[in-house]
Protein chains: 2
Amino acid sequence: MRDAAPQGTYKVQALDRAFAVLDLLGESETPLGLAQVAASLQLHKSTAHRFLMVLERHRMVERTANGKFRLGLRLFDFGNRAIEQYDLRDRAQPHLRRLVAETEETAHLALLEAARVIYIDKIEPTRAVRMITRIGASNPVHCTSVGKAMLAFLPPERAAEILRRIRYERLTTRTIATPEALRAELDKTRRRGYAVDDEELEEGLRCIAVPVLDAQRLPVAAVSVSGPSFRVTAQKLPSIANYLLQCVRGISVDMGYTPAGRATRTALSA
Amino acid sequence: MRDAAPQGTYKVQALDRAFAVLDLLGESETPLGLAQVAASLQLHKSTAHRFLMVLERHRMVERTANGKFRLGLRLFDFGNRAIEQYDLRDRAQPHLRRLVAETEETAHLALLEAARVIYIDKIEPTRAVRMITRIGASNPVHCTSVGKAMLAFLPPERAAEILRRIRYERLTTRTIATPEALRAELDKTRRRGYAVDDEELEEGLRCIAVPVLDAQRLPVAAVSVSGPSFRVTAQKLPSIANYLLQCVRGISVDMGYTPAGRATRTALSA
DNA sequence: TCTAGCTTCTCAAATGATGGGACGCGCGTC
DNA sequence: GACGCGCGTCCCATCATTTGAGAAGCTAGA
């Protein structure tokens, strides 16, 4: 059919459709009725209906009192199983909490997937303005501090592979928009030991990040501190970076990554 | 086919199979190879392969370095969207944290879905033995304190409907195993204002829970405190219950549920 | 180099999904 | 009160879609 099927070569129509339904419900602020789902996805009512019933049986969607559909809690279950393996998250939490206490700004923990970063945890300072990000959400690598932090310390080949896949979308006037600029930025990041996002993702938002290194000294994640530019000033960056470094060092230890003896400074100290 | 299709009347084979794949990967401790997946689900290699490729395209599964499959982070994204609507979770966290500090035992926040309870958050006291439950996991209502707490304060018709769906599986020697016993237990719960699970879910584990009530005074969730029976003794229950009541009152207020004036005691105080 | 075990790919067959359309319900309008 | 409308549910003949046998590749170990 005239489906907007992602270019991938393998296809199972039913699955693409089912996930389109989930996507739609996930995007929507409010639960949707059968008719709306069918219309949005250009499916016939009966088809959409069948899908929704099956999805409901699997608890991937659920119905509200008035019969509309929204995402089901089964997804929550799956989602938690999915990150379980990365028990990084649990172990990192106390460290992130301390980081937030120290900096009074929001901290994120992120993973790298393809050319995007995925936030797997977020801690906010008490009574802060709520930040935009949602746990589970993702952003392009090239305009986030966490992305740059991981990229900068990845082995050249793996970094190159990811760089190739970046589609330099411009999100603010400061977003890095060329491979050359990004390469230069990564050099800078390596030299100073931490990555900065200076309103490149969102106007008025400044972030700073460092990678979490495993026993092989490879980045497995990154931790960032983000806040409004007027609070996270250029002068404060080094001091925040220090807290960050302490934080990730703590995480690495907790994960059982041997601090690699004296080599801890190799990549990370200014 | 001779599929073990859940009895539901609507069927989309491809979806059932896809979810079976996700289930399998979710259950498995370690990533699985194509052959293992195909064998476990009695699918042909080529079929399993196609499914996995499509699931991978949707990032519902991902491949490890050695080519094996595991759940993908897209599920994590969906999962978080799914509970987003219940922002209860975020708001409840600080209160749960305080509760844990006060009781020094594990706290859970749970929702009711069909005849099961689903844990949507868990806070553990520092340096406690890690508990069994995983966020996102579920248990039958009849053998959990959170389940009984919600059930007890639900309007009779809705409670009855749920009661009808319970299949009294016996998990320990003390598990409530008949509708009558459960009904009696719910009465008791209502009278004392909190629910107790006395090793009914797991030997050696005692839990106590109270419901979180919305503006209509209906349970929308429940909070529990759980710990080893030798620490969570019968004598301590009333005092823990007190902390619990304070906790859920705080949550209700934070959620914007008007404490319903003087009526706060209607259901909840001993 | 050969074998074993795994993944990837192709294509004809037929099963299983599709969607046109009928039905029934509830609601607001005339 | 009758009518029209939008919505969800259900049925079933048709055919597009998925299926799976099998061949071809790949890798590692003997």
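In the text below, chain A, chain B and the rest are named by the order of the sequence lines, each starting its count at 1. Computed over heavy atoms, backbone and side chain alike; hydrogens, waters and symmetry mates excluded.
Glu27(A) meets the salt bridge (charged side-chain N to carboxylate O under 4.0 Å, His left out) test with Arg81(B); sequence neighbours excluded. With sequence neighbours left out, the salt bridge (charged side-chain N to carboxylate O under 4.0 Å, His left out) criterion links Arg50(B) to no other residue. Among residues two or more places apart in sequence or in another chain, the salt bridge (charged side-chain N to carboxylate O under 4.0 Å, His left out) test is passed with Glu161(A) by none. For Glu62(B), the salt bridge (charged side-chain N to carboxylate O under 4.0 Å, His left out) partners at least two apart in sequence or on another chain are Arg70(B).
At the phosphate of dT19(D), neither OP1 nor OP2 sits under 4.0 Å from any side-chain N or O atom of Thr47(B). In this model, the phosphate group of dT8(C) is not approached by any side-chain N or O of Tyr10(A) to a distance below 4.0 Å at OP1 or OP2.
In this structure, of dG16(C), dT8(C), dG19(C), it is dG19(C) that holds the atom nearest to the side chain of Arg17(A). Of the candidate nucleotides dT8(C), dT18(C), dG20(D), dG20(D) has the atom nearest to the side chain of Ser46(B).
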Can you give each donor-acceptor pair under 3.5 Å made by side-chain atoms of residues 140-156 of chain A, sequence neighbours left out, with the distance rounded to 0.1 Å?
from, atom 1, to, atom 2, distance (Å)
His142(A), NE2, Glu169(A), O, 2.9
Thr144(A), OG1, Val141(A), O, 3.2
Thr144(A), OG1, Gly147(A), N, 3.0
Lys148(A), NZ, Glu185(A), OE2, 3.0
Lys148(A), NZ, Val196(A), O, 2.6
Lys148(A), NZ, Glu200(A), OE1, 2.7
Lys148(A), NZ, Glu200(A), OE2, 3.3

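When rounded to the nearest whole Å, the span between CG of Leu43(A) and P of dA17(C) equals 15 Å. Nucleotide dC6(C) holds its P atom 15 Å from the CG atom of Leu52(B), rounded to whole Å. In this entry the distance linking CG of Asp16(B) with C1' of dG16(C) reads 12 Å, nearest Å. Note: CD (Gln13(B)) to C1' (dA14(C)) measures 12 Å, nearest angstrom. As rounded to whole Å, 17 Å separates atom C1' of dT9(D) from atom CZ of Phe51(A). Between Met53(A) atom CE and dT18(C) atom C1' the separation is 17 Å, expressed in whole Å. With rounding to whole Å, Asn66(B) atom CG is found 10 Å from dT7(C) atom P.
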Please tabulate, one pair per line, each protein N/O and nucleotide N/O from nucleotides 5-8 of chain D that are separated by under 3.5 Å, including the distance.
from, atom 1, to, atom 2, distance (Å)
dG8(D), OP1, Leu34(A), N, 2.9
dG8(D), OP2, Leu34(A), N, 3.4
dG8(D), OP2, Ala35(A), N, 2.6
dG8(D), O6, Lys45(A), NZ, 3.0

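A residue-by-residue look at Val12(A) and Arg50(A) shows that Arg50(A) has its nearest nucleotide of DNA chain D further toward the 5' end.
Across all their heavy atoms, Leu75(B) and Phe78(A) have their closest contact at CD2-CB, 4.0 Å.
Electrostatic pairing of Lys122(A) and Asp90(B) does not count as a salt bridge here, judged by no charged N lying under 4.0 Å from a carboxylate O.
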